[in-house]
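These notes concern the structure reproduced below.
Worth saying up front: this structure is predicted, and the values here are computed from it rather than measured. Residue numbering restarts at 1 for every chain, and letters A, B, ... go by the order of the sequence lines.
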Amino acid sequence: MSKKEQILVTSALPYANGPLHIGHLAGAYLPADIFTRYHRLKGSDIVFICGSDEHGVAITIRAEQDGVRPQEIIDRYHELNKGSFERFGMSFDNYSRTSLPIHHETGRDFFLDIYNKGILKKKQEKQFYDEQAGMFLPDRYVEGTCPKCNEEGARGDQCEKCGSDLNQTDLINPISKVSGKRPVLRETSHWYFPLGDFQDKLKNYLDQRPWWKENVRNYCYGWIKQGLQDRAVTRDLNWGIKVPVDGADGKVIYVWFEAVLGYISSTREWAQKIGQPQRWKDYWQNENCKLIHFIGKDNIVFHAVMFPIFLMAKAGYTLPQDVPANEFLNLEGRKISTSRNYAIWLEDYLAHFPPDPLRYCLAAIAPETKDADFSWKDFQTRNNSELVGILGNFVNRSLTFAHKYFDGQVPAQGRLDGLDKKMLQLLAKAPERIGACIEKYTVRQALREVMDVAREANKYFNDKEPWRSVKNNKQECGTTINICVQVSRALAIFMAPFLPHSAVKLWHLLNQDGDIHKQQWASAGTVFVADGHPLNPPEILFSKIEDDVITAEIDKLKSNSSSESETKKTIAVPAATDKISFADFQKVDLRVATILQAEKVAKTDKLLQLQVQIGDEKRQIIAGMAEHTAPEDLPGKTVVVVANLKPAKIRGLESQGMLLAAESEDGKLSLLTVEKEIESGAKIR
RNA sequence: GGCGGUGUAGCUCAGUUGGCUAGAGCAGUGGAAUCAUAAUCCACGAGUCCGGGGUUCAAGUCCCUGCACCGCUACCA
């Protein structure tokens, strides 16, 4: 029996705490969309799933920063990102969200299932519980008197005064920071997933998938070689999927465990929407279904190590057939940085350009084997010389010719000469060639193959010189134009996965029936358009982009990223509840100091070992700043240090204080110093 | 520091299990043509295949080593 190929494609769930930029598109979404659109044309039974990842501490932090509830954050970015995707033509069958009940249900089911199987390890400990607030208190949410130095206000993890490391249960007179009441001790537990127990199974699973990209496979083997550790699957937080077990109040399932299950929830939601609620099982509980995760390289461990393990633990589920992880996209030679606003946001792009040129450019430079670089100049060149000059121009010269000399109808295909046959043969092989590339996830190569068809077509047009034959052999001229129309139709289909909007437009110019996205891929290789078929009047398929537009974008990028670093102080102003008393401030003893010596700590990237003079005292300070400051620049500098910080051992070296420095969003450091010369040891207040 | 990846013409990249004078596209130079959004077509590339060792009759392709860049991870009081 020849059943259709069954495929489930997912793209990484974008985190709903910020907008999307071109890097997102290039790595996980565009390649998946091209792959999916191609398979639909090919007739595969394929479903494309995505959605917003809406849990986790980054969302609650973002909400606190903005002074709103987490729900507002996720609503805002879910809608925004969903809209951006739509406008770029991401053809998800469903775009869900992990905050929906259906996902909470999936998360609970999975958790309970492996919990009931006894897979999870419970690590029990006594922890304070706030009866009024109805929650367990993490270490720092408890304060009390330090048992060692009798100082009040010691935190549950350590005493600021004497520097002792504490357990919260050591505190005398503990107080909950949430309600101000005395908490009670209760037995609590967190659950850990013993990934190591599945190590051999995972290795076996990887061994059976030799077709994976080498970097992904090796990366996984690397993890296995190091030994997989137990990993907590619960945490104390109010935002997320509640742990469905008695005695787990105030605990949620850790996002890293639950987010990937969003693929399943989203598929279930899709099945409900199409009125076949059980249909999701055809994909998720079917060993013949190919489950494919498109992600960026930062996500490999979750999709290629942990998720397969969950599915093995749950049993009866389809395991990922492939994880074609892509590398990263840089921008004008630098890393994209959301915090510094160094990015091209999808919405900004769409305000100035149509979606297809970006899809084209990103597909052409897709970071398949290594990090790629997007530059506006390259974008312009690709648009102007490839989309406009080669592809658009071929279609345009063919169709205008048909209108000018053949009344807008497809001329009859007469006798074929060598050039005609060569062109048609090339066309016949193209669907297979292009398709093979897409199936191997080499989108770049696939697009090149498409463009090669257009290049050959231009050459064919030139060689046939229809502008000459129209005068002395109109029949031969007609054959040429007929073939050019056939090629144009094929190009429309070839374009469809990559340039869906332009493909529709071309389909209309050719006056073809039906939805181009429902055509047969293989039909592109055949002669399809009948003699005498009427064509619509030609229109420009792609427009040129002028220099000044590109220059403006480059300038905008520069000014955005630089001005943002000046205005970023608006970002992290603490909420009123976090403010400290003057007494608290006075506890910190800040002093002027002079650096005497500085050298790198061996075998570390960031650590510097500093000797400083504070008044008449010499101290050693270990500072994590080696990446931004050369040690030889430091001796003699006047700096500000925290003099009464408890000493700590870092990499076996004692650090007796802390150097103050301002840190920018991108991690650049600037040391604090004093305006005028002043004696070492001077107090700062 | 540990693990993984990448380093090939000005730019973006191909180079299969090692094998003829290392290949494309774009940009550049020269020419042809004029149907087309001055778009197209043809011709032209003496590149230390990151450096240094090694294996082999033969290495961009395998092994060792060094360097640079990227990601994960540890240290950042």
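Taking atom P on both B:rA32 and B:rU37, the two are 23 Å apart, rounded to the nearest angstrom. Of the P atoms belonging to B:rG25 and B:rU40, the separation is 13 Å, rounded to the nearest Å. Distance check on atom P: B:rG1 versus B:rG66 gives 10 Å, rounded to whole Å. Using C1' as the reference atom, B:rA14 and B:rA33 are 32 Å apart when rounded to the nearest Å. Using atom C1' as the reference point in both B:rG15 and B:rA24, the two lie 10 Å apart (nearest Å). Spacing of C1' atoms, B:rA46 relative to B:rG7, comes out at 23 Å, to the nearest Å. Nucleotides B:rU16 and B:rA36 are separated by 45 Å at their P atoms, to the nearest Å. Across B:rU34 and B:rU17, the matching P atoms stand 49 Å from one another, rounded to whole Å.
Listed nucleotides: B:rU34, B:rC26, B:rC13. Nearest to the side chain of A:T381: B:rC26. Taking the side chain of A:E327 as heavy atoms from C-beta on, and the options B:rG5, B:rC13, B:rC35, the nearest nucleotide is B:rG5. Of the candidates B:rA14, B:rC72, B:rA27, the closest approach to any side-chain atom of A:S385 belongs to B:rA27. Counting only heavy atoms from C-beta on, A:D371 has its side chain closest to B:rC70 among B:rC70, B:rA33, B:rG71.
Around atom CD of A:Q475, no more than 12 heavy atoms belonging to other residues, nucleotides or ligands sit under 6.0 Å away. Residue A:E432 places its CD atom among 12 or fewer non-hydrogen atoms of other residues, nucleotides or ligands, all under 6.0 Å distant.
Residues in residues 537-551 of chain A take part in no salt bridge (charged side-chain N to carboxylate O under 4.0 Å, His left out) pair, two or more places apart or across chains.
Classified by interplanar angle (parallel below 30°, tilted 30° to 60°, perpendicular above 60°), the ring pair A:F257/A:F193 is tilted.
Within 4.0 Å of A:Y221, counting heavy atoms only, lies no atom of the nucleic acid at all. Residue contacts shown for A:F542 include a base, since a base heavy atom lies under 4.0 Å away. Residue contacts for A:L541: at a heavy-atom cut-off of 4.0 Å it reaches a base atom on one of the strands shown. A:K459 comes within 4.0 angstrom of sugar-phosphate atoms only, judged by non-hydrogen atoms across all strands, and of no base. Across all strands, A:S543 comes closer than 4.0 Å to no nucleic acid atom at all (heavy-atom distances). Using a 4.0 Å heavy-atom distance criterion, A:K404 is classed as a sugar-phosphate-only contact. At a threshold of 4.0 angstrom between heavy atoms, the contacts of A:R382 with the nucleic acid are absent.
Taking atom CD of residue A:E332 and atom C1' of nucleotide B:rC11, one finds them 13 Å apart after rounding to whole Å. In this entry the distance linking CD1 of A:I481 with P of B:rA36 reads 11 Å, nearest Å. Atom P of nucleotide B:rA14 and atom CE of A:M451 are separated by 19 Å, given to the nearest angstrom. As rounded to whole Å, 8 Å separates atom P of B:rC13 from atom CD1 of A:I365. Between A:N393 atom CG and B:rC35 atom P the separation is 13 Å, expressed in whole Å. Taking atom CZ of A:F461 as the reference point, atom P of B:rA33 lies 17 Å away to the nearest angstrom. Distance CZ (A:R448) to C1' (B:rG23): 11 Å, rounded to an integer number of Å. Nucleotide B:rC26 holds its C1' atom 6 Å from the CD atom of A:E386, rounded to whole Å.
In this model, no donor atom of one side chain and acceptor atom of the other lie less than 3.5 Å apart for A:R489 and A:Q486.
Pairing for B:rU6 is with B:rA68, a Watson-Crick or G-U wobble pair whose two hydrogen-bonding atom distances lie under 3.5 Å. Across all strands shown, B:rG28 is found opposite B:rC44 as a Watson-Crick or G-U wobble partner, with both distances under 3.5 Å. If you check B:rA58 for Watson-Crick or wobble pairing at under 3.5 angstrom, you find it has no partner at all. For B:rG1, the paired nucleotide is B:rU73, the pair qualifying as Watson-Crick or G-U wobble because both relevant distances are below 3.5 Å.
A:I434 approaches A:E449 most closely through the heavy-atom pair CG1-CB, 3.7 Å. Closest non-hydrogen pair, A:Y360 versus A:L387, comes out as CD1-CD2, 3.6 Å. Residue A:E368 comes nearest to A:Y441 through the heavy atom pair OE2-O, 3.4 Å, listed as atom of the first residue, atom of the second, then distance. Across every non-hydrogen atom of A:P367 and A:N326, the tightest pair is O-OD1, 3.3 Å.
Remark on RNA chain B: of its neighbouring residues A:K544 and A:I621, the 5'-side contact belongs to A:K544, judged by nearest-heavy-atom nucleotide. Taking for each of A:E368 and A:A454 the nucleotide of RNA chain B with the nearest heavy atom, the 5'-most of the two is the partner of A:E368.
The phosphate of B:rG71 (OP1 or OP2) has a side-chain N or O of A:K335 nearer than 4.0 angstrom. Between A:T400 and B:rU37 there is no side-chain polar atom (N or O) within less than 4.0 angstrom of OP1 or OP2. A sub-4.0 Å separation between OP1 or OP2 of B:rG5 and a side-chain N or O of A:N218 is present. Residue A:R455 places no side-chain N or O under 4.0 Å from the OP1 or OP2 atom of B:rG25.
Once rounded to the nearest 0.5 Å, the distance linking CH2 of A:W223 with CG of A:L195 reads 8.5 Å.
Checking A:L362, A:D371, A:I344 one by one against A:L329, the side chain to side chain contact (heavy atoms under 4.5 Å, CB included) holds for a single residue, A:L362.
Across residues 297-308 of chain A, A:K297 each have a non-hydrogen atom less than 4.0 Å from an atom of RNA chain B (numbered order).
With hydrogens and angles left out, the side chain of A:N462 and the base of B:rU40 share a donor-acceptor pair within 3.5 Å.
The aromatic ring of A:W467 stacks onto the base of B:rC35, its centre lying under 5.5 Å from the centre of the six-membered base ring with the two planes under 30° apart.
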